[in-house]
Novice: 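Just dropping this structure here.
Protein chains get the first letters and strands the later ones, always in sequence-line order, with residue 1 at the start of each.
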2 protein chains.
Amino acid sequence: MAASLTPYKDYDSKSKFLFAVDCTVFGVSENRLRLLIFEREVEPLAGEWSLLGSFINRNESTRDAASRILLELTGLDNIYMEQLHCFAEPNRDPGGPVISVAYWSLIKINQNDREFNVDNHKARWVSIDEMPELILDHGEMVTMAIRRLRERAKFYPIGFELVPKEFTLRQLLSVYEAIFDHKIDDRNFRKKILKSGLLTMLDKKDKTTSRKGSYLYEFNKDTYRQLQDKGYNFEF
Amino acid sequence: MAASLTPYKDYDSKSKFLFAVDCTVFGVSENRLRLLIFEREVEPLAGEWSLLGSFINRNESTRDAASRILLELTGLDNIYMEQLHCFAEPNRDPGGPVISVAYWSLIKINQNDREFNVDNHKARWVSIDEMPELILDHGEMVTMAIRRLRERAKFYPIGFELVPKEFTLRQLLSVYEAIFDHKIDDRNFRKKILKSGLLTMLDKKDKTTSRKGSYLYEFNKDTYRQLQDKGYNFEF
DNA sequence: ACAAAAGTGTTCAGAGTACACCCATGT
DNA sequence: ACATGGGTGTACTCTGAACACTTTTGT
């Protein structure tokens, strides 16, 4: 028990719990919304598919713990991350009384996938419609995370977390198609996204996908931050 | 430790925590968004203002615990309630390593305030702009809860949780004014809310506020549930 | 010259916004 | 008759939705 001014006097008699975080990590590749899953290494349930998680230590917050996990995995420490929900059904974990706080995060797949390969985790990107059964309540976490992601994506500039620093409109459109799982009219998309003021057109073209080449954009950080606070309608 | 198939083998060596829930309870009265606060009864920090909370037991979920608290307080068990966030900063509680899951809920003030009076809790409704300092991170919980409430209220039919079973349009409008903290044009409000299909006009009038009397409405449960899933734009 | 992706504009319908007067009734 | 709150309609603007052809350029 940590140093404290006036400890709870019946501290020892109360129920205590282990505390864990689990991360739902999303990315988009090949026009699909994908999720990073792991082969669990510890008993119980070793060898089954799960989210990446960790117990938390006495001196870290849940957010610290989630960042720590993502850093170990990707080598990146500026990943978009939000708390999702605390899962605490009694007996949710056959390993003991463990309460878990789920986080969800977004990463740019192509930018990082090399690092996953050299990593010693047994990780796999799966499309969200081809997800295998996950252990414990991790399936429920994913369902909730997808719902939350779609809700955020509708009103906050979130698609940008899934796209490289410089990107084409087609790439961005395709991220939104993957998140919302429906086709988007490209003319209306361009019109609306350009009107938002979020994008700055660069004087460069990406020639990898067509002979004509398509303009690269980056996003305008000021507008981006404003819209994170105020919200904007990103329904297409 | 509960019965389990294969317990974590280093269970005893890991950090363990007490686990609590705290409830942010909102209501609307006299055109103000209000919050229920309590004089804390236990040490440490007894006598200061706080949210209503409780430790959770081994065999209840956080949701059960939050419902339990609200039931004790109000005598009602069908209160609108959502999980807000898990607060776990190290040393957030001087009483020991306690992690808290915050919930927020909405209740109809006039319907229940009698029960608060006979209750032995030292409770008080305060307008959100006249809130005193709260203990620990409870102020932060409230700030986040207000933000979440406003977000929900914009897109989901939530105002109805704050209004009696039969209500006038003026009452409903005034709930939305309180939540969003700005005046709403009553003609546009009527037009939009009636178009949503959420309301059924009753063949009764409330004559307590004017000589002419104003029609009472109730909400249409089917439409209500649909809009809870799909969402609707409740910005006025 | 042709294939393949990029880029561009218009029309229509529906929703939001601003705004001012008459209605019903108890006293 | 009048005071009080309840109830109603219109014009304008803006946004969203549907929809098809031209441009560029490497081969």
Novice: Sequence neighbours excluded and cut-off under 3.5 Å, please list the side-chain donor-acceptor pairs for residues 23-32 of chain A, or say none.
Specialist:
| unit_1 | atom_1 | unit_2 | atom_2 | d |
| --- | --- | --- | --- | --- |
| A:S29 | OG | A:R34 | NE | 2.8 |
| A:N31 | OD1 | A:S174 | OG | 2.6 |
| A:R32 | NH2 | A:D129 | OD1 | 2.5 |

Novice: Starting from C1' on C:dC19, measure out to CG on B:D186 and report it in whole angstrom.
Specialist: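 After rounding, the reported distance stands at 11 Å.
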Novice: List the atom pairs, with distances to 0.1 Å, where a side-chain N or O of residues 134-147 of chain A and a protein N or O form a donor-acceptor pair under 3.5 Å, not counting sequence neighbours.
Specialist:
| unit_1 | atom_1 | unit_2 | atom_2 | d |
| --- | --- | --- | --- | --- |
| A:D137 | OD1 | A:R92 | NH2 | 2.9 |
| A:D137 | OD2 | A:R92 | NE | 2.7 |
| A:H138 | ND1 | A:L51 | N | 3.0 |
| A:T143 | OG1 | A:G139 | O | 3.0 |

Novice: Which nucleotide in the list D:dG5, D:dG7, C:dG7 gets nearest to the side chain of B:S214?
Specialist: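 Output: D:dG7.
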Novice: Give the rounded distance in Å between these two atoms: CZ of A:R190 and C1' of D:dC19.
Specialist: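 That distance rounds to 16 Å.
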Novice: A:K204: what forms a salt bridge (charged side-chain N to carboxylate O under 4.0 Å, His left out) with it, not counting sequence neighbours?
Specialist: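 Testing A:K204 for salt bridge (charged side-chain N to carboxylate O under 4.0 Å, His left out), a comparison that skips the adjacent residues, returns A:E166.
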Novice: What residues, two or more places apart in sequence or in another chain, satisfy ring-ring contact (aromatic ring centres under 6.0 Å, His included) together with A:Y156?
Specialist: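 Once residues adjacent in sequence are excluded, A:Y156 has no partner under the ring-ring contact (aromatic ring centres under 6.0 Å, His included) criterion.
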Novice: Taking only residues two or more places apart in sequence, or in another chain, which ones meet A:R152 in a salt bridge (charged side-chain N to carboxylate O under 4.0 Å, His left out)?
Specialist: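 Per chain and number, A:R152 pairs via salt bridge (charged side-chain N to carboxylate O under 4.0 Å, His left out) with A:E82, B:E151.
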Novice: Can you check side-chain hydrogen bond (donor to acceptor under 3.5 Å, both in side chains) on A:D64 and A:S61, steps first, answer last?
Specialist: CA-CA 5 Å; A:D64 292 341; A:S61 67; 3.2 Å; yes
Novice: Give, ordered by number, those residues of residues 169-183 of chain B having at least one heavy-atom distance below 4.0 Å to an atom of DNA chain C; if nothing qualifies, reply none.
Specialist: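 Nucleic-acid contacts, sorted: none.
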Novice: Evaluate the side-chain contact (heavy atoms from CB on, under 4.5 Å) criterion for residues B:L106 and B:I79: first the C-alpha distance (whole Å), next the side-chain angles of each, then the deciding distance (0.1 Å), finally the verdict.
Specialist: CA-CA 7 Å; B:L106 300 177; B:I79 292 178; over 6 Å; no
Novice: Using the ring of each side chain (for Trp, its six-membered ring), is B:H182 parallel, tilted or perpendicular to B:F180, with breaks at 30° and 60°?
Specialist: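 Correct class here is parallel.
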Novice: Under a 3.5 Å cutoff, is there a donor and acceptor pairing between the side chains of A:Y103 and A:T62?
Specialist: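 Yes, A:T62 and A:Y103 have a side-chain donor paired with an acceptor closer than 3.5 Å.
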Novice: Output one letter per nucleotide in nucleotides 21-27 of chain C: B when a protein non-hydrogen atom lies under 4.0 Å from the base, S when only the sugar-phosphate is that close, - when neither is.
Specialist: --BBBBS
Novice: So, do A:F234 and A:Y232 have ring centers that fall under 6.0 Å from each other?
Specialist: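 When the ring centroids of A:F234 and A:Y232 are compared, they turn out to be within the sub-6.0 Å range.
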Novice: Run the salt bridge (charged side-chain N to carboxylate O under 4.0 Å, His left out) test against A:R211 and tell me which residues pass, sequence neighbours left out.
Specialist: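 Expected list: none.
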Novice: Can you see whether A:R170 engages A:T209 through a side-chain donor-acceptor pair at a distance of less than 3.5 angstrom?
Specialist: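 Side chains of A:R170 and A:T209: no pair found under 3.5 Å.
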Novice: Take the protein atom CD1 of A:I184 and the nucleotide atom C1' of D:dC19, then report the distance between them rounded to whole Å.
Specialist: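 Rounding to the nearest Å, CD1 of A:I184 and C1' of D:dC19 are 17 Å apart.
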Novice: List in chain and number order the residues that pass salt bridge (charged side-chain N to carboxylate O under 4.0 Å, His left out) with A:R124, two or more places apart in sequence or in another chain; answer none if no residue qualifies.
Specialist: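 So A:R124 forms no salt bridge (charged side-chain N to carboxylate O under 4.0 Å, His left out) with any residue.
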Novice: List, with names and distances, any nitrogen or oxygen atoms from the protein found under 3.5 Å away from nitrogen or oxygen atoms belonging to nucleotides 9-11 of chain D.
Specialist:
| unit_1 | atom_1 | unit_2 | atom_2 | d |
| --- | --- | --- | --- | --- |
| D:dT10 | O4 | B:K191 | NZ | 3.1 |

Novice: Can you pull the ring pair (Phe, Tyr, Trp, His ring centres under 6.0 Å) pairs that have at least one residue in residues 190-215 of chain A, sequence neighbours excluded?
Specialist: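 Every pair satisfying ring pair (Phe, Tyr, Trp, His ring centres under 6.0 Å) with a residue in residues 190-215 of chain A: there are none.
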Novice: Distance check needed: D:dT24 C1' versus A:D206 CG, whole Å only.
Specialist: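 To the nearest whole Å, that distance equals 15 Å.
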Novice: Just the rounded figure in Å: distance from P of D:dT15 to CZ of A:F189.
Specialist: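 After rounding, the gap between these two atoms is 18 Å.
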Novice: In this structure, how many angstroms lie between the P atom of D:dT15 and the NZ atom of A:K192, rounded?
Specialist: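 Distance, rounded to whole Å: 10 Å.
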Novice: Quick check on contacts: within residues 228-236 of chain A, what sits under 4.0 Å from DNA chain D by heavy-atom distance?
Specialist: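 Within residues 228-236 of chain A, no residue comes under 4.0 Å of DNA chain D.
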Novice: Could you tell me the separation between the CD1 atom of B:I193 and the C1' atom of C:dT17, rounded to a whole number of Å?
Specialist: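 Spelled out: CD1 on B:I193 to C1' on C:dT17 is 17 Å.
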Novice: Could you state the CZ-P distance from A:F167 to C:dA6, rounded to the nearest angstrom?
Specialist: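 Answer to the nearest Å: 15 Å.
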